[in-house]
Amino acid sequence: MVDKLRVITDYLLKAESVVILPHINADGDALGASIALALALKKMNKEVNVLTEEEIPNNLNFLPGQDLVNQKGPEVYDVAVNIDNGDITRLGSREHYYHSARIRLSIDHHSTNKVEADCSYVDTTSSATGEIIYDLLTRYMNAELNKDIALCIYTAIVTDTGCFRYTNTTSRTLSVSSKLLEYEIDFPFVIKKAFDTMSLAKLSAIRQVINSLRLYEDGKIAVSYLTKKDIEIYSLKPDDFEGLVNIGRNIEGVEVSVFLREDGQDLFRVNLRSNDYVDVSKIAEGFNGGGHKRAAGLNISKKLEEAISALVDATISEIRGND
Ligand SMILES: [Mn+2]
């Protein structure tokens, strides 16, 4: 079998210019993995840009290497790397950078990944794309880690594992994290910033989400939402939506939590989470979305009540199929 990380390494080492492209609404894993790779390539004297759709959110503004992050860059690079993204259209307005690069690479851990590339590496057993980047840097690229790179990879792993609480956490996740702590990173600060600190706007969003909560299927399904009007009233930013889907999931007896937010008129971004046995990536795929067993997402273009009933129906079939 071809060792794809070896192929990716060869392309990266040969490149003079590299653009790194995480998915839209880049989270701790997408940004942490991207910047870690960028910092390592920079140390090898390569021209490297991380291009994001949005500015770095407040809860991740402690990440080092932000001078390498921009929203725009030169049009053509030797190599483009798609990071933590299973669907190339989720590069949003930056998709052209991927297609116009001489070589296109993709590194991801989503089981629903369908990205086309000159070399695509998908490892669904990795807790985070950051965990793959650790392997790539240390075992393949012979890159020397430093405190900044370690902090980025640690952030990627803690955010995607919910501080090592989700089932994607493996013994390898913990041994990689243990190696990262050898760089004396300020991990309580990372966790406080990424998980515990919130704006007043976010707190208002939580209150609104709780008000909107409804249960279905004997309390196994929780649905909550924010409308465009709610989002405007509280001036919510994309990172304020982070984690809101967990409010429903944490209710005793709930198996699947469905959270909708209205992105445009009658256009909703939907997050799905499950606790024990429902594969929510299957529900998401039914609406052309994707993700993992316990966490998935999709877009739906319907009126709120119609969207909710379509999602609840699909979730009920998955739940009953498992009973
Ligand atoms: Mn990820």
Side-chain angles (χ1 to χ4, degrees), residues 2-24 26 29-56 60 63-109 113 115-123 126 128-153 155-156 183:
V2 191
D3 187 344
K4 288 188 174 176
L5 286 180
R6 173 60 54 206
V7 176
I8 287 173
T9 298
D10 290 345
Y11 280 129
L12 286 173
L13 294 182
K14 266 187 259 163
E16 280 175 21
S17 62
V18 179
V19 63
I20 298 174
L21 302 163
H23 59 74
I24 54 171
D29 184 25
L31 274 173
S34 294
I35 299 175
L37 178 59
L39 287 170
L41 291 169
K42 189 80 196 167
K43 284 213 308 183
M44 297 172 178
N45 294 316
K46 298 184 186 300
E47 189 195 312
V48 53
N49 287 139
V50 175
L51 299 183
T52 58
E53 196 78 357
E54 306 86 7
E55 307 224 327
I56 294 181
L60 295 170
L63 285 171
Q66 292 190 28
D67 52 315
L68 301 177
V69 181
N70 279 297
Q71 279 72 53
K72 280 196 175 76
E75 187 52 41
V76 183
Y77 294 82
D78 292 336
V79 168
V81 194
N82 171 64
I83 290 280
D84 192 41
N85 176 30
D87 175 353
I88 212 66
T89 65
R90 292 197 75 229
L91 292 183
S93 68
R94 297 158 299 140
E95 205 183 319
H96 62 99
Y97 292 110
Y98 185 72
H99 296 299
S100 60
R102 294 182 185 95
I103 297 291
R104 300 168 308 153
L105 305 176
S106 181
I107 303 172
D108 185 31
H109 67 134
N113 186 296
V115 169
E116 285 178 30
D118 293 291
C119 185
S120 169
Y121 182 76
V122 182
D123 178 8
S126 277
T129 301
E131 197 177 307
I132 305 173
I133 296 295
Y134 178 86
D135 230 29
L136 178 70
L137 297 184
T138 57
R139 291 182 45 211
Y140 289 84
M141 289 173 67
N142 291 321
E144 250 187 65
L145 298 201
N146 57 27
K147 192 171 180 174
D148 283 351
I149 295 174
L151 181 69
C152 289
I153 298 176
T155 302
Y183 292 88

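What you are looking at is a predicted structure, and each value in this text was computed from that prediction instead of being measured.
- Atom CD of Glu55 is surrounded by 12 or fewer heavy atoms from other residues, nucleotides or ligands within 6.0 Å.
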Evaluation steps, side-chain contact (heavy atoms from CB on, under 4.5 Å), between Leu39 and Cys152: CA-CA 10 Å; Leu39 287 170; Cys152 289; 4.2 Å; yes
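- At least one donor-acceptor pair closer than 3.5 Å links the side chain of Lys46 to the backbone N or O of Leu13.
- Side-chain contact between Gln66 and Ile56 is present, with at least one heavy-atom pair separated by less than 4.5 Å.
- Here salt bridge (Lys or Arg N to Asp or Glu O under 4.0 Å) pairs that include residues 132-142, with residues two or more places apart or in two chains, are Asp135-Arg139.
- In summary, of the residues considered (Asn113, Ile8, Val81), a side chain to side chain contact (heavy atoms under 4.5 Å, CB included) with Ser106 occurs for Asn113 alone.
- Of all non-hydrogen atoms in Glu116 and Tyr98, the two that sit nearest each other are O-OH, 2.7 Å.
- Shown here for Ala101 and Val79, the closest heavy-atom pair between the two residues is CB-C, 4.1 Å.
- The CD1 atom of Ile35 sits 10.0 Å away from atom CG of Asp148, with the distance rounded to the nearest 0.5 Å.
- Within the model, atoms CD1 of Ile83 and CG of Leu21 stand 9.0 Å from one another, a figure rounded to the nearest 0.5 Å.
- Counting only residues at least two apart or in different chains, salt bridge (Lys or Arg N to Asp or Glu O under 4.0 Å) contacts with residues 86-98 comprise Glu53-Arg94.
- Each of Thr89, Asp108, Asn85, Asp84 was compared with His23 under the side chain to side chain donor-acceptor pair (under 3.5 Å) criterion, and only Asp84 meets it.
- For the atom pair CD1 of Ile133 and CG of Leu145, the computed distance is 11.5 Å after rounding to the nearest 0.5 Å.
- Counted by atom type alone, Asn49 and Tyr97 present zero donor-acceptor pairs between their side chains at under 3.5 Å.
- The closest donor-acceptor contact from the side chain of Ser17 to the backbone of Asp78 lies under 3.5 Å.
- In terms of heavy atoms, Val76 sits closest to Ser100 at CG1-O, 3.6 Å.
- The distance from atom OG1 of Thr129 to atom CG of Leu31, rounded to the nearest 0.5 Å, is 11.5 Å.
- If you check the side chains of Tyr140 and Asp3, you find a donor sitting under 3.5 Å from an acceptor.
- A heavy-atom distance below 4.5 Å is not found between the side chains of Leu37 and Val48.
- His109 and Glu131 are not linked by any side-chain donor-acceptor pair at a separation below 3.5 angstrom, with hydrogens and angles left out of the test.
- When the shell of 6.0 Å around CD of Glu144 is examined, it contains 12 or fewer heavy atoms from other residues, nucleotides or ligands.
- A side chain to side chain contact (heavy atoms under 4.5 Å, CB included) with Cys119 is found for exactly one of Asp10, Val2, Val7, Thr9, namely Val7.
- Taking Glu54 as the reference, Ile24, Asn25 meet the side-chain contact (heavy atoms from CB on, under 4.5 Å) condition, with sequence neighbours excluded.
- You'll find the side chain of Val18 reaches within 4.5 Å of the side chain of Leu12, heavy atoms only.
- With Thr138 contributing its side chain and Tyr134 its backbone, the two residues share a donor-acceptor pair below 3.5 Å.
- Remark: side-chain polar atoms of Asp29 are paired, donor with acceptor, to backbone N or O of Gly130 under 3.5 angstrom.
- In terms of heavy-atom proximity, Tyr77 sits nearest to Leu51 at OH-CD1, 4.1 Å.
- Residues Leu151 and Pro64 form a side-chain contact, since some pair of their non-hydrogen atoms from C-beta on lies under 4.5 Å apart.
- Under the 3.5 Å distance criterion, the side-chain polar atoms of Asn70 are left unmatched by any main-chain donor or acceptor of Gly73.
- Atom-to-atom distance recorded for Met141:CE and Leu136:CG is 5.5 Å, nearest 0.5 angstrom.
- In terms of heavy-atom proximity, Val50 sits nearest to Pro22 at CG1-CD, 4.2 Å.
- Put simply, CD on Glu16 and CZ on Arg102 are 9.0 Å apart, with the number rounded to the nearest 0.5 Å.
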